[in-house]
Every structure is written in structure tokens, then in C-alpha cells.
Amino acid sequence: MGPPQLQRTFLGFDLSTQKLKAILLNSSLTVVASAEVKFDSDLPEFRTSGGVSPGPNKHEFFVQPVMWVKAVDIVLDRLVMQEADLSTVAAISAAGQQHGSLYWSKHGISALQSLDPEKFLHAQIDDSAFVVNRTPIWMDASTTKQCLEMETAIGGHTQMVQLTGSKCYERFTGPQIRKIYQQRTHAYEDAQRISLVSSFLASLFLGSVAPIDFSDGSGMNLLDIREKAWSKACLNACAPDLDERLGQAVSANTVLGGVSEYFVKRFCFPASCQVVACTGDNPSALAGMLVDNDWLSVSLGTSDTLMMSFEKPPNWEEGHVLCHPTQTDEFMGLLCFRNGSLVREAMNNVEAGGDWVKFNELLESTPRGNFGNMAVHFNDMEIIPKAKGTLRWNKDCLPNSPDASKGVIKFSSPQIEIRALIEGQMLHHRAVAEDMGFQFGTNTKVLATGGASINKSILQVIADVFNAPVHIQNESEAALMGAAYRASYALYRHELDQTVPALSYRDHVLSLTSNNLQLVCEPHKDSESIYAPMLERYKAMAHILQSGIL
Ligand code: ADP
Ligand code: XUL
């Protein structure tokens, strides 16, 4: 017997770049407890910076998976310390940073199936559980060669876009797997199964290797997004015998099975608690936002991302089309920008001593348009466009002038530096979205989430540059909420009498809670007249940085 309906709770996790977060919702989907583990400060023994470590070669970034396992031990302890009653948890699901890949050893799979509740999880799922103990994560951009090989093998990048919703991107899991296969062939051969970060977390709770869901699976350059099945052509272009290592992909609405006995005995979960398929952090954020197709969702986490829903998949040359996490027949568009919060943070440290209040005062002390001063800061290799470097222009710099590629060395004050960064980032996001065919106009509504969405001064710049009102939700952690909401929805579907038509995901969640939208900023009347011309100058600047690396 499980907990009575009214006392049931739903547990969601988000294993993001910088931390592992957990949230417990009651039967009306209200938060009753939450906890988090910050990798850099709570697990200093792994020596991460921003949750990751640079690899030995250029553009490589990795995480030791045992750090994430340890974080699960700690976050559950922290929930228990808050007197969260885990014996009421009816279902669990999670979001994970996208694209990272974990390679299970034979020993790891049997350890997963026979966990001893007397011991910590990380003492059992340790380095030996994985044949590759450095998981490449989404920041890794070292697989240009493998991207080219995979696209060539299946007939070019247009074909890759048609099949998988994205051309090959360095961080996508297929090219990453191919690199492991080529450079560590024995390890690849020894890998019994391969998980994404999301399905790895599901595996821990399930006590066996969990399937990958369609939505996060769309970030691999391996899934046929229309057929919702692995594409044989892409698998063959990637590595041998890959289908058996991936297992069958499933809908994110799938109940995978009961929670592992380990959690029942060690943390008092009820034996009836169900594990629901986990998905990527961006799909989960879209699920957490509970808005319809008219909205543009903007996530300001470690990476900045723009997300939108589509009934039919568009053919994007750049950017990504993924299977929708909650509407089975629909699709989501995703644009990911690598130079997001970490660049803002670096600027804050240099120009405002790391104080966001001071940073905002400086930002607000400058006028929209910044007297013609603009900057592009691609501290790390940007994803779209593929470009790296910093370029500052003042009002006198022109696209065709001889020193356009040099620009100016530094602006005259911290406030001009700060505004140039934030306006430049948002102009970048708008320019790429417009290139993809997204129209910013009087009907556009923006919903912001992620760590930096608590910063109203930054949201005002978004409102002005996008010329659209910006909203937030009471909970700024949409990916985390989305995980717990999905746990509730999948369980509802699982328990529903098959003769009764099921509510849609949104209707189910909104029948229990509200989406708590709060308007925070509106665009100024003169915004479009300021930013439309700046957009053109911005594109010329980004083009210069792009040409620099070609
Ligand atoms: P992720 O989910 O990718 O781990 P989060 O969504 O938790 O990241 O966002 C973390 C980021 O939020 C940090 O890198 C930090 O720079 C940014 N952040 C936190 N508070 C503020 C603030 N007041 N203003 C701007 N950015 C902030
Ligand atoms: C999306 C992407 C990042 C990660 C980490 O394609 O690479 O947003 O999901 O958040």
C-alpha cells in the first residue's frame, strides 16, 4: 500500500552544471521541502570550477560521475534533515544537464542492482562503475572531427538536420561517443550501457540502467525525431553495436518501475514509489513553465537558452528541434548559448567586486543603447555562431572600417562595460532567434527562469532588446518544478482507468496548481528604435569573431 492520495508527494531533481537540486511537492503541487548541493563548495575534493573541470586537451570539459553520485547521498540527507517525510513520495523524476554521457561497466550494472542500504551510494557506485571515469559534459567542444565524419557518413548536414533535428554539434552525445570509441576503443567495447545525465539519475533510483527519453535523446544526433526511434544510419555513423548500449528510448511520460529497495530501506521511501523517465534540463524547464505555444521561454542558467513549442518540426539549419517533453506529438525548439551566466559573473567580479546589487546600479546608470558602445564577449567558443573572442565597438566603429576587427581595447567606465555586455548578450540571442525565423513583435511574451532570472535589471534589458514584456514565475527553478510535475503527471496517467480520456499534461498540472505568472518588466516605448539598428551592428561584430576562427 502506498501513501493515501492527499498525503502523497512528488520528488523532483535537477542535476545541472553547478549543483544538484531537489524539491518535494505535496498533492496540490506546492513546495514542502527543498535542498541543494553545490559541487564547487560542497564537494571540494573534486576540484571543480562551476561544477566542471577542464580536460587535458583544448576544448575538453568533464566531470567525475562519482561526484554526482555523492551529491545524491548528500541532497537526500539534507531533505531528511529538514524533516521531509520521504515515506510519502509517490513518484520521482529528474532533469539533467543535456548531452553528457556515462559509460557503465559490467561491475557498475551489477552494483546498481544489488545496492547495500547500510552503505553510502558513492561507496558502491564508485569509479569502477564506469569504464570512462571522466564524463564529457555539454561544455566540451572537442569533437569537430567526429561531427564532420558523422555528417559525411549519412550524406551531409542537411540530412542530419532532417533526421535528428540538429546538425552535428560538438557537445552532442553522438559525436562524443564516437570520440570515446575512436580514442578509447577498449573502454567503449567494455561499456555495457551508455546513459545520459538524466537517464543516469533515473538509473540510480531504479536500481538498473534506465531508458533514455525521446526529448533528451534528441540532443544526441542519433534519434530520428519524427519516428521517435534511434536512426540506424546515425548509429552506424557513430560507433558499432551502439543500439544495445543505448537501449530503447521511451516517452518522458513513462513510469519506469518501482524505486530501488536501497532507497526504501535507507531513506524510508514507500515500496510503491514509482520512478518516472527523466529528461534534459531544458525540456524539463519547458515542462515547468506551463505556458502555451505563444510564449518564448528564456532560461538564464550556466548557459542561456531560448525555448519554444511547435506543432510541426521546423527545419532549422542551426539550433535544435527536440521531441517535446510533455506533448507527445509536438516538438520544442532550443537555442543554447554557452557564454551566459559565467561571463556575467566574471564581469561582475572585475567591475563590481562580485556584488550583484552594485552591478545592477551600474547597469541602470547607463542609458539604453549605451551611447553607441557595444560588446561581444565569447569568452569560450560560442555554439551559434561558432566564434570565440571579445570585440568592443564605440559609436565610431563601422563594419567596413579598417580597424573594425580591432575595435576599442576597453571602455571608459565599469558601467559602460556592464551595459555593453548585457545588451550584447541579449542582442546575440535575438539575432540568432530571428535568423531561425522567430518573429519578435507585439505579441511576443517572454517567460524567464534560471539563476539570473532573479535579476530585474537584466530582465529589463531583455524586455527592451526583445521588445516584449518579461514574466517570471514564483519559483525561478522551472527545470526542477518540471521534474516533479512530470512525476505527478506520469503517475496520474499510469493509474488512470484506460477507458477514461487522459487530461493533457498542462491541464493536469493546472487542475492542481496555478502557473503563477508575474509580469516584471515591460519594454520602453523607444526600445525598437534603439535596438533594431544595433542588431545589425551586432551581427557585423559577431561575424568578425566568427571569421577569426575559420
Ligand atoms: P545551472 O542550473 O546551470 O547550474 P542556475 O540556473 O542555478 O545554473 O544559475 C546559476 C547562475 O545564476 C550563476 O552562475 C550566477 O551567475 C547566476 N546568478 C545568481 N544570482 C544572480 C543575480 N542576482 N544576478 C545575475 N546572475 C545571478
Ligand atoms: C543545451 C545545453 C545546455 C545544458 C546545460 O543544449 O547544452 O543548456 O543542457 O544546461
Side-chain angles (χ1 to χ4, degrees), residues 13-21 36-40 48-52 61 63 68 71 95-100 136-141 165-166 169-173 176 196-198 215-216 218-221 279-286 288 297-307 318-322 332-349 352 354-363 380-384 418 421-422 425 448-462 472 475-483:
F13 295 88
D14 179 14
L15 204 177
S16 68
T17 315
Q18 306 192 40
K19 40 194 181 243
L20 173 67
K21 305 165 233 181
E36 66 177 32
V37 175
K38 288 193 175 135
F39 302 132
D40 293 358
T48 57
S49 167
V52 301
F61 287 93
V63 164
W68 292 333
Q97 51 172 282
Q98 298 197 252
H99 318 300
I137 67 138
W138 69 274
M139 291 166 107
D140 190 292
S166 305
Y169 281 92
E170 278 83 353
R171 70 192 193 290
F172 271 43
T173 326
Q176 293 287 344
L196 293 180
V197 178
S198 57
S215 204
D216 209 12
S218 314
M220 302 174 79
N221 288 132
T279 193
D281 55 356
N282 294 298
S284 190
L286 194 63
S297 305
V298 177
S299 167
L300 304 169
T302 307
S303 57
D304 284 355
T305 63
L306 301 192
M307 292 164 279
E318 299 272 3
H320 319 300
V321 179
L322 316 182
M332 75 173 270
L334 172 68
L335 300 175
C336 178
F337 305 105
R338 199 184 148 141
N339 292 288
S341 277
L342 299 182
V343 179
R344 290 187 287 272
E345 228 171 84
M347 177 69 78
N348 183 17
N349 288 337
D355 178 352
W356 287 116
V357 174
K358 183 154 181 229
F359 181 96
N360 291 348
E361 274 168 21
L362 292 167
L363 175 58
D380 280 309
M381 181 75 79
E382 189 45 83
I383 297 165
I384 318 173
I418 288 174
L421 165 71
I422 303 298
Q425 286 187 319
T449 184
S453 68
I454 56 166
N455 186 320
K456 293 220 172 99
S457 311
I458 294 178
L459 298 188
Q460 184 62 55
V461 177
I462 298 184
I472 52 167
E475 278 296 333
S476 65
E477 306 272 11
L480 189 57
M481 296 300 281

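Ligands are counted one by one from 1 in listed order, and the atoms in each one are counted from 1 as well.
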One pair to check against side-chain hydrogen bond (donor to acceptor under 3.5 Å, both in side chains): T305 and N282. What are the steps and the verdict? CA-CA 8 Å; T305 63; N282 294 298; 3.0 Å; yes
Looking only at N/O atoms, are H99 and ligand 2 under 3.5 Å apart anywhere? yes
Given side chains that start at C-beta, do those of S218 and V321 come closer than 4.5 Å, heavy atoms only? no
Atoms of ligand 2 close to T305 [distance to a heavy atom under 4.0 angstrom, numbered from 1]: 8 (O)
Any N or O on T17 sitting closer than 3.5 Å to an N or O of ligand 2? no
For the residue pair I472 and T449, establish whether any side-chain heavy-atom pair is separated by less than 4.5 Å. no
Testing the 3.5 Å rule here: is there a donor-acceptor pair between the side chains of D216 and Q98? yes
Atoms of ligand 2 close to C336 [distance to a heavy atom under 4.0 angstrom, numbered from 1]: 1 (C), 2 (C), 3 (C), 6 (O), 7 (O), 8 (O)
Tell me whether the centres of the aromatic rings in H99 and Y169 are closer together than 6.0 Å. no
When you compare the side chain of L342 with that of Q18, does any pair of heavy atoms fall below 4.5 Å? yes
With a cut-off of 4.0 Å, which atoms of ligand 2 are near a heavy atom of W138? 3 (C), 4 (C), 5 (C), 7 (O)
Answer yes or no: is there an ion pair linking K21 with D281, defined by an N-O contact shorter than 4.0 Å? no
Under 4.0 Å, heavy atoms only, figure out whether ligand 2 is touched by the backbone of T302, its side chain, both or neither. neither
Where does ligand 1 get N/O contacts under 3.5 Å from the protein, atom by atom?
| from | atom 1 | to | atom 2 | distance (Å) |
| --- | --- | --- | --- | --- |
| ligand 1 | 2 (O) | S16 | OG | 3.2 |
| ligand 1 | 2 (O) | K21 | NZ | 3.3 |
| ligand 1 | 3 (O) | T302 | N | 2.8 |
| ligand 1 | 3 (O) | T302 | OG1 | 2.6 |
| ligand 1 | 4 (O) | S16 | OG | 2.7 |
| ligand 1 | 4 (O) | Q18 | N | 3.1 |
| ligand 1 | 6 (O) | G451 | N | 2.8 |
| ligand 1 | 7 (O) | K19 | NZ | 3.0 |
| ligand 1 | 7 (O) | K21 | NZ | 3.3 |
| ligand 1 | 9 (O) | G451 | N | 3.4 |
| ligand 1 | 14 (O) | Q18 | NE2 | 3.0 |
| ligand 1 | 14 (O) | E345 | OE2 | 2.6 |
| ligand 1 | 16 (O) | E345 | OE2 | 2.4 |
| ligand 1 | 24 (N) | N455 | ND2 | 3.1 |

Ligand 2 atoms nearer than 4.0 angstrom to some heavy atom of S303 are 3 (C), 8 (O), 10 (O)
Is a donor from one side chain sitting under 3.5 angstrom from an acceptor on the other, for T302 and W138? no
Who gets closest to atom 7 (O) of ligand 2 by heavy atom: Q98, Q97, R171? R171
I454 side chain reached by W356 side chain, heavy atoms, under 4.5 Å: no
